[in-house]
Structures are given as C-alpha cells and as structure tokens.
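Contents: one structure, followed by commentary.
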Amino acid sequence: MSSATPTLQAVSRPSGYASDAPTGRVRIQHLRERKEKGERFSAVTCYDATFARLVDAAGIEVVLVGDSLGNVIQGRETTLPVTVDDMVYHTAAVARGLHRAHLVADLPFMSYRNPDVALQNAGRLLAEGHAHAVKLEGGAEVAESVRQLVLAGIPVMGHIGLTPQSVHAMGGHRVQGRGVTARKRLLADAKALEAAGCYAIVLEAIPQELAAEVTQLLQIPTIGIGAGPQCDGQILVLYDLLGLDPHGHKPKFVKKFANLGEAALDALVQYRADVASAAFPATEHVYHDPTAAAAKIAGA
Ligand code: KIV
C-alpha cells in the first residue's frame with residue numbers, strides 16, 4: 001500500500017486517544033478492505049465540533065452528520081423539515097473537529113430526487129461542509145441521482161430499510177423487509193444501489209437474516225442500525241449510545257454505553273443549588289484587582 005493510502009494499524013497515541021485508532025484519514029477503500037478481511041468498523045452520528053473531537057479520539061472510523069439532527073438537535077418530531085443549509089452548517093462544524101474519521105453528510109428530504117438538484121446540494125455538502133461523501137435514502141428510485149453524483153466524483157452512501165424521510169409513507173418507524181415481497185424488494189434495491197455506484201449502504205431496522213443476506217450479496221460494505229451483527233459495520237445515533245436523553249424512547253436496537261443524560265441532569269441540579277446557596281462562585285473562581293482596596297481607601 002502506498003503512503004497516500006495509510007493503513008488502519010495500531011499506533012501509540014497521546015493520552016485520551018484509543019490505542020488502536022486508525023492512523024491517517026480513513027478512506028472509502030479502507031472500508032472495502034475491512035469488509036474483504038472480515039474486520040468490522042464502527043460509525044456514529046455527530047453534529048458539532050466538540051463531540052467530533054471525542055469521536056475521532058475514540059478511533060471511530062465513520063462519522064455521519066445525520067439529518068437525525070432534526071430530532072436530537074432541533075427537537076422536531078421528524079427529519080422532514082431539515083434543510084440543506086442546516087446540514088451544511090453542522091457538517092462544517094463536525095469537520096473542524098475531525099482529523100481521521102471518514103465524514104459523511106446526509107442529503108435531507110427532497111434535496112436529491114432530481115439528479116441535477118442532487119448534484120447542486122451534494123456539491124455544497126462537500127465544498128462548504130467539507131464532507132467526504134453524502135448519504136441518501138431510498139432504493140432503485142434514487143439510482144439515477146446516485147449515478148449522477150458518482151459521475152461527478154461525489155461518493156454516495158445508500159440507506160434502505162427503515163428510511164425516516166418516508167415515515168408517513170411507511171406508517172411510522174416500523175421494521176422493514178419482513179415477508180417474501182418486502183425481502184425481494186430490499187434485495188433488489190441493495191443491488192440497484194451498488195450497480196449505481198454506492199460505496200456503502202446503511203441497513204436500518206430490518207431482520208438480521210435479511211441484513212446477513214445483503215451483506216453476503218454485495219461487494220460494498222453494509223452498515224447496520226437495527227440490522228443485527230452480521231453487517232460489515234454498525235452505526236448508532238450518538239445521543240442514543242451516550243444516553244443523552246434519559247427519559248426518551250429507546251428503540252430495541254439501541255444500547256446505551258453511558259448515562260450522560262443523568263450525569264448532566266445531576267450537574268445542573270447541583271449548579272443551581274450552589275448558586276442559590278452562594279457556594280458558587282467560590283474563591284478560586286473569582287478575579288482580583290490588587291489596586292482596588294488601596295483605591296477604595298484613598299477614595300479614588
Ligand atoms: O440521520 C441519521 O442519523 C441516520 C442514521 C440513523 C443512519 O441516517
């Protein structure tokens with residue numbers, strides 16, 4: 001392998017970095033190599049520079065600025081109102097915090113059905129947001145847009161199964177691909193996306209047997225969320241895996257790796273109590289002007 005394509009080998013890192021974090025920038029070909037070697041990789045969503053630094057330090061290979069920011073950042077019920085401007089803004093913020101992870105940005109609702117519109121919007125996510133690739137939802141029906149983007153040199157990640165931008169058409173957030181017809185359709189969509197030039201595909205909320213079949217069928221990596229352990233990679237929404245919404249609904253496929261929501265709540269309650277009791281700010285938190293006391297005595 002040439003020096004232009006660094007490997008994902010173990011290196012020593014400054015404290016706070018995962019010791020087996022990838023060296024250099026993770027690129028599309030590394031994800032393909034991982035699949036070929038049977039080595040799993042991880043992906044998370046991210047929406048700002050502070051978390052991006054943490055995600056990068058942990059050695060996570062792929063970061064997605066998901067349109068789930070409509071839910072977790074903007075507090076909306078669905079991802080449908082998220083705009084291309086929103087995506088550009090958050091992608092640029094995340095890009096400032098990342099040095100190694102591969103950065104993907106979602107094309108939001110209605111921003112890619114027309115291939116020319118797709119080209120314009122994806123171009124903004126790469127040029128202004130500094131993403132390395134875009135993701136879009138849908139199967140064979142978006143293949144023309146995928147082809148157009150790939151022809152223009154824009155890498156595209158697909159997303160099939162539960163596609164939140166189609167929440168109303170699907171009748172809610174439901175498991176997809178169950179039954180013979182749905183299974184065949186999902187397999188056909190996966191093949192159509194690969195043939196159109198996608199370099200990876202997210203499989204969301206489908207039976208693990210079907211995800212395993214897609215993963216076997218395709219040359220390109222699959223990234224599962226609620227799709228079982230046999231995908232080539234896994235992705236979770238960052239706020240879900242960190243437990244940042246202590247009272248929120250937790251889908252079956254989410255594992256909370258921390259309880260940051262509870263920790264944050266405890267800290268805020270303590271802060272409020274300390275302000276009320278004047279325990280904060282304490283001596284170590286205040287500034288002094290040594291000339292102030294003398295000036296006061298002198299009446300100046
Ligand atoms: O927007 C998002 O967060 C996503 C992931 C759930 C894959 O598309």
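In this text, all values refer to a predicted model and were calculated from it rather than measured experimentally. Whatever order the structure lists them in is the order used to number ligands and atoms, beginning at 1.
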For ligand 1, what N or O to protein N or O distances fall under 3.5 Å?
unit_1   : atom_1 : unit_2 : atom_2 : d
ligand 1 : 1 (O)  : D67    : N      : 3.2
ligand 1 : 1 (O)  : D67    : OD1    : 3.1
ligand 1 : 1 (O)  : S68    : N      : 3.1
ligand 1 : 1 (O)  : S68    : OG     : 3.3
ligand 1 : 1 (O)  : D106   : OD2    : 3.1
ligand 1 : 3 (O)  : S68    : OG     : 2.5
ligand 1 : 8 (O)  : K135   : NZ     : 2.9

Exercise for the section: Check the surroundings of atom CZ in F253: do more than 12 heavy atoms from other residues, nucleotides or ligands lie under 6.0 Å from it? Expected result: yes
Problem - Heavy-atom neighbours of E141 CD exceed 12 at 6.0 Å - result: yes
Practice task
Run through the side-chain heavy atoms of Ile, Leu, Val, Met, Phe, Trp and Tyr, join any pair under 4.5 Å, and report what else lands in Y271's cluster.
Solution key: V275, F280
Handout entry: Within residues 272-283 or reaching into it, pairs that qualify as side-chain hydrogen bond (donor to acceptor under 3.5 Å, both in side chains) - sequence neighbours excluded
Key = Q270-D274
Exercise for the section: Could you list all the side-chain hydrogen bond (donor to acceptor under 3.5 Å, both in side chains) pairs where at least one residue sits in residues 191-219, not counting sequence neighbours? Expected result: H102-Y199, H159-E204, R183-E213, T215-T222
Problem - SB check D67 K135 (cutoff 4.0 Å) - result: no
